[in-house]
Novice: 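What follows is a structure written as structure tokens; I'll ask about it next.
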Amino acid sequence: MLCQPAIRSLTVLAPAKLNLFLRVVRRRSDGFHDLETVMTAINLFDTLHFESSETSEISLRVVMAQSRNSHSFPAESIPTGADNLVLRAAHLLREYAGGTAGVRMTLVKRIPSAAGMGGGSSDAAAALGGLNRFWNLARTRVELLDLAGQLGSDVGFFLGGRSTAICRGRGELVEPLELPTCLHFVIARPASGLSTPEVFRHCRPGDKQRSLSEFVDSLKGQRLDRMVRLLLNDLQSPAESLNEDVKNLRQKFDLLPVLGHQMSGSGTSYFGVCASSRHARMIAARLSASGVPWVYVARSC
Ligand code: ATP
């Protein structure tokens with residue numbers, strides 16, 4: 001297939017996510033774990049910019065966004081070479097579509113890495129969806145979802161473009177969920193990160209019996225009081241055993257007037273559910289004052 005750029009440049013946003021509910025159902029024979037998780041995209045974004053190239057080269061420049069928090073996340077923790085999920089996605093899509101066009105990409109990173117906020121997966125989804133349009137490939141959603149599954153368990157969630165979903169299997173089976181209202185969060189990330197495979201190696205499936213459907217009902221019914229009592233993350237306990245910073249954050253949140261709190265994904269980011277953005281800003285100020293290196297106020301839509 002001839003792949004001509006449909007447009008000269010394009011910029012797409014890649015949102016971060018939080019896991020509001022994460023149950024590790026079982027360990028599978030292939031080494032992965034079956035999960036039941038509710039993920040929500042939030043208004044914290046990496047930006048992926050595409051520019052046409054005269055050659056067939058696919059190149060990527062990674063830029064750390066300048067913010068007062070950027071010092072906490074050294075650029076070297078994000079791979080800039082062939083390991084970067086953006087490059088892997090671009091090569092996979094081009095190989096699948098049989099094209100020869102190149103592209104010059106710039107990724108501006110704002111989502112903390114190794115934080116359980118899905119930054120790498122979201123960037124991969126932005127690359128698949130963005131290049132499908134930029135290269136005028138007209139690949140279907142089903143085809144892109146198949147490629148997403150080859151890149152990572154959470155890539156399909158971000159590709160769907162829905163703000164909230166129930167994800168099953170390794171995370172790749174995505175069922176969209178309509179939230180009747182925005183949720184408000186304050187998110188904290190310590191200076192250290194955690195490796196997802198390492199946390200999974202230390203988890204014990206099915207430790208806590210909690211019902212996904214009860215959690216989803218509370219979300220759909222806007223029962224915030226009930227929803228916060230049903231928050232769950234089976235990866236939190238192994239993460240705390242591997243990383244003191246996560247435990248310290250939990251202890252800090254225990255003393256704060258948030259509606260509920262827990263770690264996201266495999267950590268190390270930790271979030272509190274708040275009643276409003278004003279409430280979230282107030283908690284954020286207290287966390288920053290207590291020395292937490294990265295604090296962010298976010299909402300789910
Ligand atoms: P998840 O909840 O999906 O486990 P995470 O925040 O733990 O999310 P990331 O930090 O986004 O995961 O990615 C995990 C690893 O993937 C990183 O440690 C990094 O080495 C690698 N990686 C590859 N491409 C990227 C990218 N574009 N952005 C961030 N990390 C990337």
Side-chain angles (χ1 to χ4, degrees), residues 12-22 24 32-33 35 37-42 44-49 58-65 70 72-92 105-131 148-159 165 167 170-172 174 187-201 203 233-236 238-239 242-243 245-246 262-271 294 296:
V12 294
L13 295 178
K17 57 87 175 162
L18 295 175
N19 296 79
L20 304 179
F21 184 98
L22 193 164
V24 181
F32 286 104
H33 290 80
L35 307 177
T37 184
V38 176
M39 296 207 271
T40 190
I42 55 167
L44 165 64
F45 303 96
D46 288 345
T47 313
L48 186 58
H49 183 67
I58 294 177
S59 66
L60 175 69
R61 192 165 67 95
V62 179
V63 179
M64 301 306 283
S70 60
S72 313
F73 302 103
E76 54 269 26
S77 66
I78 312 284
T80 52
D83 281 353
N84 194 296
L85 282 158
V86 168
L87 282 176
R88 286 184 50 208
H91 283 285
L92 186 68
M105 297 181 285
T106 305
L107 174 65
V108 181
K109 286 294 302 180
R110 296 182 191 84
I111 304 171
S113 179
M117 297 174 79
S121 305
S122 186
D123 295 346
L128 286 179
L131 285 172
Q150 298 176 42
L151 291 163
S153 308
D154 293 344
V155 182
F157 165 74
F158 291 109
L159 197 61
C167 302
R170 284 191 293 137
E172 81 285 13
V174 182
I187 310 166
R189 206 281 200 170
S192 58
L194 266 171
S195 136
T196 303
E198 179 74 356
V199 176
F200 271 102
R201 263 197 296 280
C203 82
N233 187 346
D234 277 347
L235 297 177
Q236 182 161 334
L242 289 164
N243 186 309
D245 287 343
V246 176
Q262 76 179 15
M263 190 183 80
S264 180
S266 54
T268 52
S269 72
Y270 203 100
F271 66 90
W294 187 89
Y296 196 82

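Note that ligands are numbered from 1 as they come in the structure, with each ligand's atoms numbered from 1 the same way. For this chain, numbers begin at 1 and follow the sequence in order.
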Novice: May I ask whether Val62 has any heavy atom positioned less than 4.0 angstrom from an atom of ligand 1?
Specialist: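 The answer is no, since Val62 has no heavy atom less than 4.0 Å from ligand 1.
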Novice: To the nearest 0.5 angstrom, please state how far the CE atom of Met263 sits from the CG atom of Leu18.
Specialist: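 Those atoms lie 11.5 Å apart.
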Novice: Using a strict 4.0 Å cut-off to heavy atoms of Ser113, name the atoms of ligand 1 that fall inside it.
Specialist: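 So the answer, numbered in order with elements, is 10 (O), 17 (C), 18 (O).
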Novice: List every atom of ligand 1 that sits less than 4.0 Å from any heavy atom of Gly120, numbering the atoms from 1 in the order shown and giving each element.
Specialist: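 Heavy-atom distances to Gly120 below 4.0 Å select 9 (P), 11 (O), 25 (C), 26 (C), 28 (N), 29 (C).
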Novice: Within a distance under 4.0 Å of any heavy atom of Asp123, pick out the atoms of ligand 1 and give their elements.
Specialist: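 Near Asp123, the atoms of ligand 1 are 26 (C), 27 (N), 28 (N).
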Novice: If you define the side chain from C-beta out and look only at heavy atoms, does anything of Asp123 sit under 4.5 Å from Phe158?
Specialist: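 In short, these two side chains do not touch, never coming nearer than 4.5 Å.
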Novice: Would you check whether Val86 has a nitrogen or oxygen atom less than 3.5 angstrom from a nitrogen or oxygen atom of ligand 1?
Specialist: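 No, Val86 has no N/O under 3.5 Å of an N/O on ligand 1.
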Novice: Do Thr268 and Asn243 get their side chains close enough for a donor-acceptor pair, meaning under 3.5 Å?
Specialist: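 There is no such pair (donor and acceptor under 3.5 Å, judged by atom type) between the side chains of Thr268 and Asn243.
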Novice: Strictly inside 4.0 angstrom of atom 14 (C) of ligand 1, do you find any protein heavy atom?
Specialist: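 It does not: no protein heavy atom is found less than 4.0 Å away from atom 14 (C) of ligand 1.
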Novice: For ligand 1, which atoms sit closer than 4.0 Å to a heavy atom of Leu107?
Specialist: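 In order of number, 27 (N).
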Novice: Does Arg88 come within less than 4.0 Å of ligand 1, judged by its heavy atoms?
Specialist: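 No.
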Novice: With a 4.5 Å cut-off on side-chain heavy atoms, are Val155 and Leu85 touching?
Specialist: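 Answer no - side chains too far apart.
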Novice: Under 4.0 Å from any heavy atom of Asp154, which atoms of ligand 1 are there?
Specialist: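 Per the distance check, 2 (O), 3 (O).
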Novice: For ligand 1, does Asn84 get within less than 4.0 Å through its side chain, its backbone, both, or neither, judged by non-hydrogen atoms?
Specialist: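 The answer is both, backbone and side chain.
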Novice: For Pro79, which part has a heavy atom under 4.0 Å from ligand 1: side chain, backbone, both, or neither?
Specialist: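 The part of Pro79 near ligand 1 is the side chain, not the backbone.
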Novice: Counting C-beta onward and ignoring hydrogens, is there a side-chain heavy-atom pair between Leu44 and Pro112 closer than 4.5 Å?
Specialist: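 Sidechains of Pro112 and Leu44: in contact.
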Novice: Using distance alone, decide if ligand 1 has a nitrogen or oxygen within less than 3.5 Å of any nitrogen or oxygen in Leu194.
Specialist: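 No.
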Novice: Would one find an N or O of Ala115, backbone or side chain, under 3.5 Å from an N or O of ligand 1?
Specialist: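 Yes - when backbone and side-chain N and O of Ala115 are compared with those of ligand 1, one distance drops under 3.5 Å.
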Novice: Which of the atoms of ligand 1 are close to Asp83, meaning less than 4.0 Å from one of its heavy atoms?
Specialist: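 Answer for ligand 1: 23 (C).
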Novice: Report yes if the side chains of Val38 and Thr40 come closer than 4.5 Å at any heavy-atom pair, otherwise no.
Specialist: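 When only atoms from C-beta onward are counted, Thr40 and Val38 do not touch, as no gap falls below 4.5 Å.
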Novice: Using distance alone, decide if ligand 1 has a nitrogen or oxygen within less than 3.5 Å of any nitrogen or oxygen in Gly267.
Specialist: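 No, there is no polar N/O contact under 3.5 Å.
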Novice: Do Val86 and Val62 have side chains that get closer than 4.5 Å, going by heavy atoms?
Specialist: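 Not in contact.
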Novice: Any idea which of Ser266, Ser153, Ala114, Gly171 brings a heavy atom closest to atom 12 (O) of ligand 1?
Specialist: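 Of the listed residues, Ala114 has the closest heavy atom.
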Novice: Using a plain distance cutoff, I'd like to know if Met117 has any nitrogen or oxygen under 3.5 Å from a nitrogen or oxygen of ligand 1.
Specialist: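 Right, the criterion is met.
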Novice: Just to verify, what does Gln262 make a side-chain contact (heavy atoms from CB on, under 4.5 Å) with, not counting sequence neighbours?
Specialist: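 side-chain contact (heavy atoms from CB on, under 4.5 Å) list for Gln262, sorted by chain: Leu231, Asn233, Gln236, Phe271.
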Novice: Should you measure from each heavy atom of Leu85, which atoms of ligand 1 turn up under 4.0 Å away?
Specialist: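 The list of qualifying atoms is 23 (C), 24 (N).
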Novice: Would you mind reporting whether Met105 and Leu107 have side-chain heavy atoms less than 4.5 Å apart?
Specialist: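 Answer no - side chains too far apart.
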Novice: Applying side-chain contact (heavy atoms from CB on, under 4.5 Å), name anything that partners Ala165, two or more places apart in sequence or on another chain.
Specialist: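 Residues passing side-chain contact (heavy atoms from CB on, under 4.5 Å) with Ala165: Phe157, Cys167, Val174.
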Novice: Pull out every atom of ligand 1 sitting under 4.0 Å from any heavy atom of Lys17, numbered as shown with elements.
Specialist: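 Selected atoms, number and element: 2 (O).
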Novice: Below the 3.5 angstrom mark, is there an N/O of Pro112, backbone or side chain, next to an N/O of ligand 1?
Specialist: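 In fact, backbone or side chain, Pro112 has no N or O that close.
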Novice: In this structure, does ligand 1 have an atom that sits under 4.0 Å from one of the heavy atoms of Gly119?
Specialist: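 Checking ligand 1 against Gly119, which is what was asked, there is a heavy-atom contact under 4.0 Å.
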Novice: Looking at atom 5 (P) of ligand 1, tell me if a protein heavy atom falls under 4.0 Å from it.
Specialist: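 Under the 4.0 Å cut-off, atom 5 (P) of ligand 1 does have protein heavy-atom neighbours.
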Novice: With a heavy-atom distance limit of 4.0 Å, tell me whether Ser121 approaches ligand 1 through its side chain, its backbone, both, or neither.
Specialist: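 It is the side chain that touches ligand 1; the backbone stays farther off.
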Novice: Going by a strict under-4.0 Å cutoff (protein heavy atoms only), does atom 29 (C) of ligand 1 have a neighbour on the protein?
Specialist: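 At least one protein heavy atom is under 4.0 Å away.
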